[in-house]
2 protein chains.
Amino acid sequence: MNTELILANIAKHISLDKNEIDFFLSLLKPEEVSKKSVLLKEGQLCRDINFVHHGTLRAFYMGKEAKESTIMFAVADWWITDMYCFINQKPAMLTITAVEDSQLFRLRKEDLDRLYLQVPKFERFFRIIMQNAYIREQLRIIENLSLSAEERYTNFLSRYPKVAQQVTQKQIASYLGITPEFLSTLRANKRIK
Amino acid sequence: MNTELILANIAKHISLDKNEIDFFLSLLKPEEVSKKSVLLKEGQLCRDINFVHHGTLRAFYMGKEAKESTIMFAVADWWITDMYCFINQKPAMLTITAVEDSQLFRLRKEDLDRLYLQVPKFERFFRIIMQNAYIREQLRIIENLSLSAEERYTNFLSRYPKVAQQVTQKQIASYLGITPEFLSTLRANKRIK
DNA sequence: AAAAGCGCTTAAGGTACCTTAAGAAATTAT
DNA sequence: ATAATTTCTTAAGGTACCTTAAGCGCTTTT
């Protein structure tokens with residue numbers, strides 16, 4: 001698993017010298033996971049933040065009566081974790097699984113904390129990552145409050161075309177906050193129009 | 001308007017020496033705004049991030065047919081802006097108004113950028129602020145996807161009791177994503193139980 | 001290659017929440 | 001104080017979306 005993608009991801013926001021790059025890479029644990037494998041299970045301690053090198057991951061919350069709510073999908077070049085439990089080292093609220101065979105780099109909380117101390121530029125890097133995540137979640141809230149299910153579905157398809165190809169409609173429905181049956185009728189209506 | 005509250009807010013996450021404190025304070029513009037005044041209007045350039053020293057602010061999105069969606073409330077000790085437009089210096093999607101007479105400190109985008117360069121510890125500070133904001137928004141998404149309107153209302157009251165006292169039910173309804181009429185019937189049902 | 005399981009669709013009936021409307025209560029303006 | 005606005009409530013009728021159920025096509029397991 002080569003490191004070009006993750007280094008390019010970092011280089012979008014900060015520049016590192018050779019020593020800093022080596023130190024950063026020494027903290028990463030590459031991992032290959034197969035489809036349907038579980039990276040984090042609700043109730044477990046969430047020890048890592050994950051960078052997706054290849055493949056697709058999905059984080060979901062399991063509510064009452066086995067109802068799943070998909071919180072996020074992550075494809076190549078994305079970071080994903082249960083941020084609340086990762087930062088506070090509390091039992092996870094979310095479950096994270098592989099939608100397809102995937103390759104990742106894992107970074108442990110204690111190693112990230114060392115990284116912040118040794119290479120403070122990473123404070124800037126993750127400040128920007130968190131900022132973008134905040135903006136994205138806020139935009140999703142705006143859409144959830146102000147748009148119909150059909151409009152949210154259309155937006156999802158245009159915003160995340162790659163994700164839409166990899167995941168099932170059941171999973172898309174659970175991201176949009178509707179049932180798979182209702183998504184199916186929305187799609188049927190769209191076809192007719 | 002004294003600076004104890006905002007300095008204590010900063011000190012929760014980083015410690016500054018006297019020079020750094022003075023430089024930081026020199027960038028802030030204290031401002032008193034009266035109830036109903038508009039701090040940021042949709043379409044305007046969003047130049048500042050605001051720290052609430054006293055009072056209550058509200059950020060909302062105006063959808064079709066004059067339907068407002070409240071994105072956030074901010075009481076004393078909170079930071080608020082339209083983050084997307086503040087960071088990218090684009091026209092605002094959100095409108096921010098004062099729910100009651102309020103006192104704030106404003107920090108301009110260009111001054112924040114200078115602050116990051118001169119006192120890199122602020123990268124850490126805002127990394128943590130953004131991280132908390134991200135976690136909060138994600139929790140709100142989980143609740144919006146998995147809970148009923150009544151459960152969300154109960155959670156809102158217990159999580160933000162001070163806000164609930166300051167704002168109207170119309171505004172709470174628009175935060176929860178329901179109509180004021182429906183919130184009213186929920187409250188009537190609760191009283192009977 | 002059958003069986004079992006899961007994903008997608010369609011349809012009928014149900015419920016949470018919306019729309020419209022109108023009156024009472026509270027707040028703001030004159 | 002009075003008038004004017006806005007907020008909150010109640011109620012009737014409507015719609016977006018849910019639940020249950022059944023059938024069909026895939027994929028996975030035996």
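So you know, we letter chains A, B, ... as the sequences are listed, proteins then strands, and number each from 1. Source: prediction; values computed, not measured.
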Exercise for review: Rounded to the nearest angstrom, tell me the gap between atom NZ in A:Lys190 and atom P in C:dC8.
Suggested key: 16 Å

Check your understanding: Taking C-beta and beyond as the side chain, do B:Gln103 and B:Glu31 meet within less than 4.5 Å on heavy atoms?
Key -> no

Practice item. Whole angstrom is fine here: how far is it from NZ in B:Lys170 over to C1' in D:dT9? Key: 15 Å

Practice item. Determine whether B:Leu112 and B:Arg114 make a side-chain contact, defined as any pair of heavy atoms from C-beta on separated by less than 4.5 Å. Key: no

Check your understanding: So, is A:Arg187 close to the C:dC8 phosphate, meaning a side-chain N or O under 4.0 Å from OP1 or OP2?
Key -> no

Review point. Can you find a pair of side-chain heavy atoms, one from B:Thr70 and one from B:Val167, that are under 4.5 Å apart?
Key: no

Point to revise | Residues forming a side-chain contact (heavy atoms from CB on, under 4.5 Å) with B:Gln44, sequence neighbours excluded | key: B:Leu40, B:Lys41

Practice item. Would you please confirm or rule out a distance under 4.0 Å between OP1 or OP2 of D:dT7 and any side-chain N or O of B:Gln171? Key: no

Review point. Is the number of heavy atoms from other residues, nucleotides or ligands under 6.0 Å of B:Lys109 NZ greater than 12?
Key: yes

Practice item. Treat primed atoms plus P, OP1 and OP2 as sugar-phosphate and everything else as base, then score nucleotides 13-30 of chain C 5' to 3': B for base contact with protein heavy atoms under 4.0 Å, S for sugar-phosphate contact only, - for none. Key: ----BSBBB------S--

Review point. Can you tell if the side chain of A:Asn50 reaches within under 4.5 Å of the side chain of A:Trp78, non-hydrogen atoms only?
Key: no

